[in-house]
Number of protein chains: 2
Amino acid sequence: MDASLAVTALGALAHEHRLAAFRLLVECGPEGLAAGVIAERVGIPASSLTFHLQHLLRAGLATQRRLGRQIIYAADFAAMNDLIGFLTENCCGRGLSARLTTAAACTTIAESSLAKRKAP
Amino acid sequence: MDASLAVTALGALAHEHRLAAFRLLVECGPEGLAAGVIAERVGIPASSLTFHLQHLLRAGLATQRRLGRQIIYAADFAAMNDLIGFLTENCCGRGLSARLTTAAACTTIAESSLAKRKAP
DNA sequence: ACTATATTTCTCGAATTATCGAAATGATCC
DNA sequence: GGATCATTTCGATAATTCGAGAAATATAGT
């Protein structure tokens, strides 16, 4: 993932309603959720929701598929992992070569969850 | 970290120049970098840079201190770790409690490549 | 074909964000 | 105290984003 893609993804998540919608999608897994349900749960009109879902789609953070008369959105976990990978490597002191004593500060998280996912 | 704080932080990073500046700060570690140097390296006028650095400050992603006649900015690694922690727990399928068989799916994706993500 | 349902597109005003030069502030050196 | 360097604040302008209703599109059932 390059910086400009990351900016797009970050921007897509940097909004109350979009973050809420995305978290909802994450909760539902690959199965996804119909647009109407998302709108209702997030508490915004359908047209507004579409506007925001388009953001997530453009950023590659969500996918869309039709199921009968409804359209199902699902979180794209791979994209989200890429984003977290980018942040971890480029914005957190990790993945930056030796001259950083900073690495230690960040190692904390490295243990707890991901980080070893992409051994150099 | 709560959602609204995360939105602020994501928004702060969701801009080409701010992300560039922040990455620069991360590279420099706690030692930080003078505003002038950042402006030069990012390639924008000083007044524009200030505007963006204020964003990072407000979001808690950077700190400010004066050193002689220059003002040194440094990345706040703890805040960044909090953000990554939030994303990992709330937006990535991990850290979501039991009723999710989805968690497994996300982990799988993380490990391998993804491809078969579209299973019913 | 007609009706109902689900969602998107369109449109436009309001609000926010971005850009940059000029002027103001703060600190240092003589 | 005056000159100078580093940075921020101000102000004007341009661009983008947001919100929501109305109209349009697609699907399903009768």
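Naming: A, B, ... by sequence-line order, numbering from 1 per chain.
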Could you measure the distance from the CD atom of B:Glu40 to the CG atom of B:Leu49? Nearest 0.5 Å is fine. 11.5 Å
State, with a plain yes or no, whether a side-chain heavy atom of A:Asn81 is found less than 4.5 Å away from one of B:Cys92. yes
Would you check if B:Cys91 and A:Arg23 make a side-chain contact, meaning some heavy-atom pair closer than 4.5 Å?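 Yes - at least one pair of side-chain heavy atoms lies under 4.5 Å apart.
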Sugar-phosphate, base or nothing in reach of B:Gln64, heavy atoms under 4.0 Å: sugar-phosphate
For B:Ala34, which contact category applies under a 4.0 Å heavy-atom criterion: base, sugar-phosphate, or nothing? sugar-phosphate
In B/S/- notation (B base, S sugar-phosphate only, - none; protein heavy atoms under 4.0 Å), nucleotides 23-30 of chain D written 5' to 3' is ----SB--
When hydrophobic residues are tied together by side-chain contacts of less than 4.5 Å, even through go-betweens, does A:Ile84 share a cluster with A:Val7? yes
Closest approach of [X] and [Y], non-hydrogen atoms and distance?
{"X": "B:Cys28", "Y": "B:Leu33", "result": "SG-CD1, 3.5 Å"}
{"X": "B:Phe22", "Y": "B:Leu61", "result": "CE1-O, 3.2 Å"}
{"X": "A:Pro30", "Y": "A:Arg65", "result": "O-NH1, 3.7 Å"}

Specify the separation, in whole Å, of atom [atom1] of [X] and atom [atom2] of [N].
{"X": "B:Leu10", "N": "C:dT17", "atom1": "CG", "atom2": "C1'", "answer": "17 Å"}
{"X": "B:Gln70", "N": "C:dT28", "atom1": "CD", "atom2": "C1'", "answer": "11 Å"}
{"X": "B:Arg65", "N": "C:dA27", "atom1": "CZ", "atom2": "C1'", "answer": "16 Å"}

Between D:dT8 and B:Tyr73, is there an OP1 or OP2 to side-chain N/O distance shorter than 4.0 Å? yes
Hey, does the side chain of A:His15 come within less than 4.0 Å of C:dT17's phosphate (OP1/OP2), counting only N and O? no
Take a 6.0 Å sphere around CD of B:Glu31 and say whether it holds more than 12 heavy atoms from other residues, nucleotides or ligands. no
More than 12 heavy atoms of other residues, nucleotides or ligands under 6.0 Å from CD of B:Gln64: is that the case? yes
Kindly state which residues belonging to residues 44-61 of chain A come within less than 4.0 angstrom of DNA chain C, counting heavy atoms of the residue only, listed by number.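 The stretch gives A:Ala46, A:Ser47, A:Thr50, A:Gln54 as the residues lying under 4.0 Å from the strand, ordered by number.
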If you check every side-chain atom of A:His17, which of C:dT19, D:dG19, C:dT8 has the closest atom?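 When the side chain of A:His17 is considered, D:dG19 is the closest of C:dT19, D:dG19, C:dT8.
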